[in-house]
Amino acid sequence: MILSGERRFKAVSWLYETRRENQYSVILCKVLSGLDELDEMLVLDAANLQTRGGLQDERRFRKATIRFIDNLRRKGGVSERDAVLLAEKYTGVSDKLIEKNIAVETNLHPDILSLLDRDLIPKNQAVQYARLPAETQ
């Protein structure tokens, strides 16, 4: 099973099949074994957060960040802060951005979240709203 890099694999495979050049005959990869479903999700989210730097979509990036943090906490039994620091270490996404995503996802009123998801308000504005009490939002 390919957890990450499926498009690269398909592209290099296609190049080898069509050109039969030796430079495309070997694909370097990291092989992992003994992973459970939670491990697979961690690997996939870490790879996506690392390489796509935001997944090109605010909502998907935010959801992947939150899922990664939650899964780190479940897997390692660590605090949210420790999970954020681990996520920063393994993905390169700053702890500040991770914390903003958590605040927006958990504290922001759904109507305002919808505005963010439709690109009708900027992320920084949504973060400011998320810091306000629910009744003020």
Quiz item: What residue pairs, at least two apart or across chains, pass salt bridge (Lys or Arg N to Asp or Glu O under 4.0 Å) with a residue in residues 120-137?
Solution: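 Only Glu58-Lys123 qualify under salt bridge (Lys or Arg N to Asp or Glu O under 4.0 Å).
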
Quiz item: What pairs of residues pass the salt bridge (Lys or Arg N to Asp or Glu O under 4.0 Å) test when at least one of them lies in residues 26-38, not counting sequence neighbours?
Solution: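 Listed by first then second residue: Asp36-Lys75.
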
Single-linkage hydrophobic cluster, 4.5 Å side-chain cutoff, [X] and [Y] together:
X: Leu97; Y: Val104; value: no
X: Leu113; Y: Leu120; value: yes
X: Met41; Y: Ile69; value: no
X: Ile66; Y: Phe61; value: yes
X: Leu44; Y: Leu32; value: no

Practice problem: Just jot down the salt bridge (charged side-chain N to carboxylate O under 4.0 Å, His left out) partners of Glu105, sequence neighbours excluded, or say none. | Solution: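 So Glu105 forms a salt bridge (charged side-chain N to carboxylate O under 4.0 Å, His left out) with Arg62, Lys63.
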
Quiz item: Using links of under 4.5 Å between side-chain heavy atoms of ILVMFWY residues, direct or through other members, which residues join Val31 in one cluster?
Solution: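 None; Val31 is a cluster of one.
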
Pairwise distance [atom1]([X]) to [atom2]([Y]) - rounded to 0.5 angstrom:
X: Leu15; Y: Lys10; atom1: CG; atom2: NZ; value: 14.5 Å
X: Phe68; Y: Arg73; atom1: CZ; atom2: CZ; value: 14.0 Å
X: Asn101; Y: Thr65; atom1: CG; atom2: OG1; value: 4.5 Å
X: Asn71; Y: Leu42; atom1: CG; atom2: CG; value: 5.0 Å

Could you list the residues that satisfy side chain to side chain donor-acceptor pair (under 3.5 Å) with [X], not counting sequence neighbours?
X: Asp70; value: none
X: Arg67; value: Asp45
X: Tyr129; value: Gln125
X: Asp95; value: Arg81

Quiz item: What pair of heavy atoms forms the shortest contact from Ala126 to Ile121, and how long is it?
Solution: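 It is CB-CD1, 4.0 Å.
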
Practice problem: Let me see the working for Val93 and Glu88 under side-chain contact (heavy atoms from CB on, under 4.5 Å), right down to the final yes or no. | Solution: CA-CA 5 Å; Val93 176; Glu88 179 181 35; over 6 Å; no

Quiz item: Are side-chain heavy atoms of Arg8 and Ile27 found at a separation under 4.5 Å?
Solution: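 They are not in contact (no side-chain heavy atoms under 4.5 Å apart), so the answer is no.
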
Exercise. With sequence neighbours left out, write down each residue that passes side-chain contact (heavy atoms from CB on, under 4.5 Å) with Thr106, or none if nothing qualifies.
Key: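 Expected list: Ile102.
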
Practice problem: Mind jotting down which residue pairs meet the side chain to side chain donor-acceptor pair (under 3.5 Å) criterion with at least one end in residues 107-116? Sequence neighbours excluded, please. | Solution: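 Checked against side chain to side chain donor-acceptor pair (under 3.5 Å) - neighbours excluded - the pairs reaching residues 107-116 are Ser114-Arg118.
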
Quiz item: Would you find a donor on one side and an acceptor on the other, under 3.5 Å apart, between the side chain of Thr136 and the backbone of Leu132?
Solution: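 No; zero donor-acceptor contacts below 3.5 Å.
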
